[in-house]
Q: 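Let me begin by handing over the structure; questions about it come next.
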Amino acid sequence: MHRPFEEALLRVDRVSARGLIANPSADVDAPRSLDAPRSLDALVVPALASIGARWESGELSLSQVYDAGVICEELVNELSVGTGTGTASRSDLRIGIVVLEDHHRLGKRMVQAVVQASGWSTVDLGEGLSVPTVVAAVRAHRLDVLLVSTLMLRSALLVRSLVDSMRISGLPTRVVVGGAPFNMDPTLAREVGADAWGASASDASRILNDLEEVAR
Ligand code: B12
């Protein structure tokens, strides 16, 4: 039996999906009271992971994965505070966020929502960017921290070349990584030279808090 939120996504039933985000306890095991970004985290991530696994096993089609992704993106955009590049920030830390090479942008949106809800401003560099483009953007925006989201293993491995290029260019920017490949292999973040790794959107806030402390 699959969870109600996952089934709502597969029926392309936006009304039920939205209702479950508003009242996550109606989904099996979902915590009772959560703020919007965290209730999205609790429902969206496991549902899409399961849908991805069912697609991989041949049970679902790519178009079903696509529709589920579109609905989740609509919900994230509707319910999240902070889209695009924020203005007011709680500190001087200049924070950028990017999806390296691939086009799975939901994780980035959720991280951005939580980080901005926690009071930081972010510079949204976009999705599908190459390593040289990201390095140029990091320099142009004089970023102190770069949050990198990846879902394809190939993109996660490219973080090594991103970190090396930034160090060769003399950029001191801290690189924080996240996304499925890093969740599957907790040693990967260190192997690709990242300064920190977070498993969830809330982790991004925790890591930024730590970096802010160090910068003081
Ligand atoms: C939805 C989805 C899509 C959607 C994307 C919609 C969108 N707008 O983003 C569509 C249908 C477009 C798609 C396309 C493809 N996909 Co796809 N997709 C998925 C799926 C099912 C869910 C991904 C998702 O959005 N999860 C929800 C988000 C919120 O979770 P998340 O990104 O992990 O983010 C959370 C945490 O990881 C963390 N986090 C994320 N980033 C960061 C960053 C920092 C700094 C921190 C601290 C934390 C953090 O916080 C987030 C919230 O908690 C996954 C399956 C899976 N297991 O992940 C496959 C998956 C990623 N896709 C896959 C593939 C192969 C593809 C395609 C190549 C398919 C094809 N043949 O065309 C294309 C490639 C597109 C491209 N070039 O990028 C594979 C990748 C395999 C691999 N080893 O690389 C997967 C794993 C499916 C599978 N099981 O095979 N996909």
Side-chain angles (χ1 to χ4, degrees), residues 2 5-6 9-10 17 21 34-77 79-80 95-118 120 122 124-130 134 143 145-159 162-163 173-186 188-189 192 194-211:
H2 298 287
F5 183 72
E6 181 176 344
L9 293 180
L10 293 173
I21 293 286
L34 291 170
D35 56 24
R38 283 171 188 81
S39 106
L40 283 165
D41 215 11
L43 296 189
V44 168
V45 177
L48 287 181
S50 170
I51 287 171
R54 290 167 76 186
W55 167 56
E56 209 176 5
S57 73
E59 189 192 334
L60 299 176
S61 67
L62 184 58
S63 67
Q64 288 174 292
V65 181
Y66 182 81
D67 286 342
V70 168
I71 297 175
C72 289
E73 201 164 350
E74 287 170 5
L75 293 171
V76 173
N77 288 339
L79 295 169
S80 302
I95 304 162
I97 186 160
V98 71
V99 180
L100 189 60
E101 287 275 337
D102 73 71
H103 293 274
H104 292 89
R105 58 174 178 251
L106 256 171
K108 173 173 79 87
R109 273 299 290 118
M110 289 178 58
V111 170
Q112 195 180 18
V114 170
V115 165
Q116 292 193 186
S118 306
W120 284 286
T122 56
D124 188 351
L125 303 182
E127 303 95 34
L129 301 192
S130 67
V134 176
L143 299 177
V145 183
L146 179 64
L147 304 171
V148 182
S149 180
T150 68
L151 266 193
M152 310 284 290
L153 179 59
R154 188 187 124 72
S155 319
L157 295 173
L158 270 177
V159 173
L162 174 67
V163 170
T173 314
R174 301 274 178 191
V175 175
V176 182
V177 292
F182 295 103
N183 292 355
M184 274 178 227
D185 177 0
L188 187 59
V192 297
D195 295 289
W197 157 73
S200 70
S202 332
D203 278 354
S205 281
R206 180 185 50 76
I207 294 164
L208 287 173
N209 265 323
D210 293 347
L211 292 175

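This one's a predicted model, so the numbers in the text were calculated from it and none came from an experiment. Read the numbers this way: they start at 1 and go in the same order the structure lists the ligands and their atoms. Side-chain atoms are counted along with the backbone in the values below, which use heavy atoms only and exclude waters and symmetry mates.
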Q: At what distance is the nearest protein heavy atom to atom 7 (C) of ligand 1, and which residue and atom is it?
A: R105 N, 3.9 Å
Q: Does V145 form a side chain to side chain contact (heavy atoms under 4.5 Å, CB included) with W120? I'd like the steps, not just the answer.
A: CA-CA 12 Å; V145 183; W120 284 286; over 6 Å; no
Q: Identify, for atom 29 (C) of ligand 1, the protein heavy atom at the shortest distance, and state residue, atom and that distance.
A: M110 SD, 3.4 Å
Q: With atom 36 (C) of ligand 1 as the reference point, say which of A49, G107, A199, A201 has the nearest heavy atom.
A: A199
Q: How far is atom 39 (N) of ligand 1 from its nearest protein heavy atom, and which residue and atom name does that atom have?
A: G179 N, 3.7 Å
Q: Less than 4.0 Å between atom 10 (C) of ligand 1 and some protein heavy atom, yes or no?
A: no
Q: From atom 24 (C) of ligand 1, work out which of V65, L151, L153 has a heavy atom at the shortest distance.
A: L151
Q: Relative to the heavy atoms of N183, which atoms of ligand 1 are at a distance of less than 4.0 Å?
A: 37 (O)
Q: Would T150 and E101 count as having a side-chain donor-acceptor pair, cut-off 3.5 Å?
A: no
Q: Would you check whether D203 reaches within less than 4.0 Å of ligand 1, judged by its heavy atoms?
A: no
Q: Considering only heavy atoms, which of G198, G178, A156 lies nearest to atom 44 (C) of ligand 1?
A: G178
Q: So is there a nitrogen or oxygen of K108 less than 3.5 Å from a nitrogen or oxygen in ligand 1?
A: no
Q: Looking only at atom types and distance, does a side-chain atom of D195 sit under 3.5 Å from a main-chain N or O of V175, one as donor and one as acceptor?
A: yes
Q: Using every non-hydrogen atom in the two residues, find where A17 and F5 come nearest and quote the distance to one decimal.
A: O-CE1, 3.6 Å
Q: I want to confirm something. Looking only at heavy atoms, which of L60, D41, D102, L62 is nearest to atom 72 (O) of ligand 1?
A: L62
Q: Which option wins on minimum heavy-atom distance to atom 30 (O) of ligand 1: V148, L40, V45, V98?
A: V45
Q: Tell me the nearest of W55, Y66, F182 to atom 88 (C) of ligand 1, using heavy-atom distances.
A: W55
Q: Is the side chain of S118 donor-acceptor paired with the backbone N or O of V114 at a distance under 3.5 Å, no angle test?
A: yes
Q: Of the side chain and backbone of E73, name the one, both, or neither that has a heavy atom under 4.0 Å from an atom of ligand 1.
A: side chain
Q: Is a salt bridge present between D102 and R154, judged by a nitrogen-to-oxygen distance below 4.0 Å?
A: no
Q: Starting from atom 20 (C) of ligand 1, which protein heavy atom do you reach first, and at what distance in Å?
A: L48 O, 4.2 Å
Q: Can you report which non-hydrogen protein atom sits closest to atom 80 (C) of ligand 1, along with the distance?
A: M152 SD, 3.8 Å
Q: Identify which one of D41, I71, L40 satisfies the side-chain contact (heavy atoms from CB on, under 4.5 Å) criterion when paired with V76.
A: L40
Q: Checking a contact table here: which protein heavy atom is nearest atom 89 (N) of ligand 1, and how many Å away?
A: E56 OE1, 3.1 Å
Q: Applying a 4.0 Å heavy-atom criterion (strictly less than), which segment of H103 is in contact with ligand 1: side chain, backbone, both, or neither?
A: both
Q: Return the residue, atom name and 0.1 Å-rounded distance of the protein heavy atom closest to atom 3 (C) of ligand 1.
A: H104 CD2, 3.4 Å
Q: List the closest protein heavy-atom neighbour of atom 45 (C) of ligand 1: residue, atom name, distance to the nearest 0.1 Å.
A: V176 O, 3.4 Å
Q: For a side-chain contact (heavy atoms from CB on, under 4.5 Å) with V148, tell me which candidate from V176, L125, L100 qualifies.
A: L100
Q: Which is it for V177 and ligand 1 at heavy atoms under 4.0 Å: side chain, backbone, both or neither?
A: backbone
